[in-house]
There are 2 protein chains.
Amino acid sequence: MRLTTKGRYAVTAMLDLAIHAGNGPVSLADISERQGISLSYLEQLFAKLRRNELVRSVRGPGGGYQLNREQQDIDVAQVIDAVNESVDATGCGHTGSCQDGNICLTHHLWCDLSSQIHDFLSKISLADLMARKDVRSVAERQNRGHNASFEDSLISAKVTV
Amino acid sequence: MRLTTKGRYAVTAMLDLAIHAGNGPVSLADISERQGISLSYLEQLFAKLRRNELVRSVRGPGGGYQLNREQQDIDVAQVIDAVNESVDATGCGHTGSCQDGNICLTHHLWCDLSSQIHDFLSKISLADLMARKDVRSVAERQNRGHNASFEDSLISAKVTV
DNA sequence: TATAAAGTTGACTGTTTTAGTTGGTTAAAT
DNA sequence: ATTTAACCAACTAAAACAGTCAACTTTATA
Ligand code: FES
Ligand code: FES
């Protein structure tokens, strides 16, 4: 199993997208600056997120990305799966064959663990994360010194630029 | 976070050790053959397991490794930690500083996930695994064609070779 | 219509980790 | 003395990770 910066970046970026939704599309350049993630790396990640239909893109000036579903309908497991191709703790991809075709001694343990992790992550939506106090305070900090504050972006929702 | 074959091998090997305990020390060569794990790789893993006092070694002919505690006092989390140095899902090592010194947007999420995984794995001991039907049947299969059957090894416990 | 902002794509790179291998050296039992 | 097996250190091939770079397409707007 691998949960590295790739998956973490993806979730962080999606959360950033959720937080700054309402002002039209969010550009990767903005996310890059706010979250400190390489722009080119974000491009790779969003290519996968788009293929998995978690985001949609708007090209051209003023373009960027938007969530393709409601915030409560996107959970963390989906995001990680999209960039990571599975949060699987088994060595056999659930086929039960890492002992020259046979099941190994600990196969069921890793199956259990996998579903444990997946359950936990799939119960957390972007909306849930948005509601957390710690997330909101970090988001506010990140917006200080930028074009718009967090409060602004909440208030000015739907106002065309 | 990383849970790869390294951690899986370690748990599998420890479980093999637990299953074949009672006949005196178990050699890495036996584990290697039964579990299909490279002998040299096992040596590296057991060096770490020994440093973490999960196993003790007996050198010389007839030597090998033994569990250093009761089976119910060794849990899966301890084994993985020993070879992996932490099952940590955060990018900052719990220090809260992967945003140039500051806490990132998703820090708490990864902290929660880390403790979730650790909790799950630390509640499973080698004794628990031994008791599982799927483990016992795999162990029996692995012992067919070898020097001693699983039943034998249970019965002939304490009988010096 | 020209320009610039943005997404899209592919190839490329340095580093780290994995999963080993090779080749020895001790320690203990026969 | 020989054999068995743990111990140890250095090395390696392959993969994954994290990121860069360059070229291209689409589209808003001046
Ligand atoms: S992990 Fe599935 S067979 Fe080993
Ligand atoms: S994961 Fe801890 S600060 Fe980002």
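Reminder, nothing fancy here: chain letters follow the sequence lines and each chain counts from 1.
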Whole-Å gap separating P (dA6(C)) and CD (Glu33(A)) = 12 Å
Distance-only polar pair, side chains of Asn143(A) and His20(A), donor-acceptor under 3.5 Å | yes
Could you pick out which residue, Phe46(B) or Gly60(A), lies toward the 5' side of DNA chain D when each is mapped onto its nearest nucleotide?
-> Phe46(B)
Between Arg56(B) and dA6(D), is there a side-chain N or O to OP1/OP2 distance below 4.0 Å?
-> no
Taking only distance into account, with no hydrogens and no angle test, what donor-acceptor pairs under 3.5 Å do side-chain atoms of residues 51-58 of chain A form with protein atoms, sequence neighbours excluded?
from	atom 1	to	atom 2	distance (Å)
Arg56(A)	NE	Gln66(A)	OE1	3.4
Arg56(A)	NH1	Leu67(A)	O	3.3
Arg56(A)	NH1	Asn68(A)	OD1	3.0

How long is the line joining NZ of Lys48(A) and C1' of dC17(D), in whole Å?
-> 11 Å
With sequence neighbours excluded, residues passing side chain to side chain donor-acceptor pair (under 3.5 Å) with Gln99(A) = none
Gln71(A): what forms a side chain to side chain donor-acceptor pair (under 3.5 Å) with it, not counting sequence neighbours?
-> none
For atom CZ of Arg50(B) and atom P of dA27(C), their distance in whole Å = 12 Å
Should Leu109(A) and Leu15(B) count as side-chain neighbours, where that means a heavy-atom distance under 4.5 Å?
-> no
Can you check the Leu49(B) CG to dC8(D) P distance for me, whole Å?
-> 14 Å
Give the rounded distance in Å between these two atoms: CG of Leu42(A) and C1' of dT9(C).
-> 16 Å
Where at least one partner belongs to residues 52-78 of chain A, residue pairs that pass ring-ring contact (aromatic ring centres under 6.0 Å, His included), sequence neighbours excluded = Phe46(A)-Tyr65(A)
Scan residues 61-70 of chain A against DNA chain D and write down, sorted by residue number, each residue with any heavy atom closer than 4.0 Å; if none is found, say none.
-> Pro61(A)
What is the distance from atom CG of Asp112(A) to atom NE2 of His107(A), rounded to the nearest 0.5 Å?
-> 9.5 Å
Check: Asp81(B)/His118(B) side-chain N/O donor and acceptor closer than 3.5 Å = yes
Are Ile103(B) and Arg141(A) side-chain neighbours, meaning at least one heavy-atom pair lies under 4.5 Å?
-> yes
Ignoring backbone atoms, establish whether Ser27(B) has a side-chain N or O less than 4.0 Å from OP1 or OP2 of dT4(D).
-> no
Tell me: CG of Leu28(A) to P of dG7(C), nearest whole Å?
-> 4 Å
OP1 or OP2 of dT25(D) less than 4.0 angstrom from a side-chain nitrogen or oxygen of Arg59(A), does that happen here?
-> no
Can you give one letter per nucleotide of nucleotides 12-23 of chain C, going 5' to 3': B for a protein heavy atom under 4.0 Å from the base, S for sugar-phosphate only, - for none?
-> ------SBBBB-
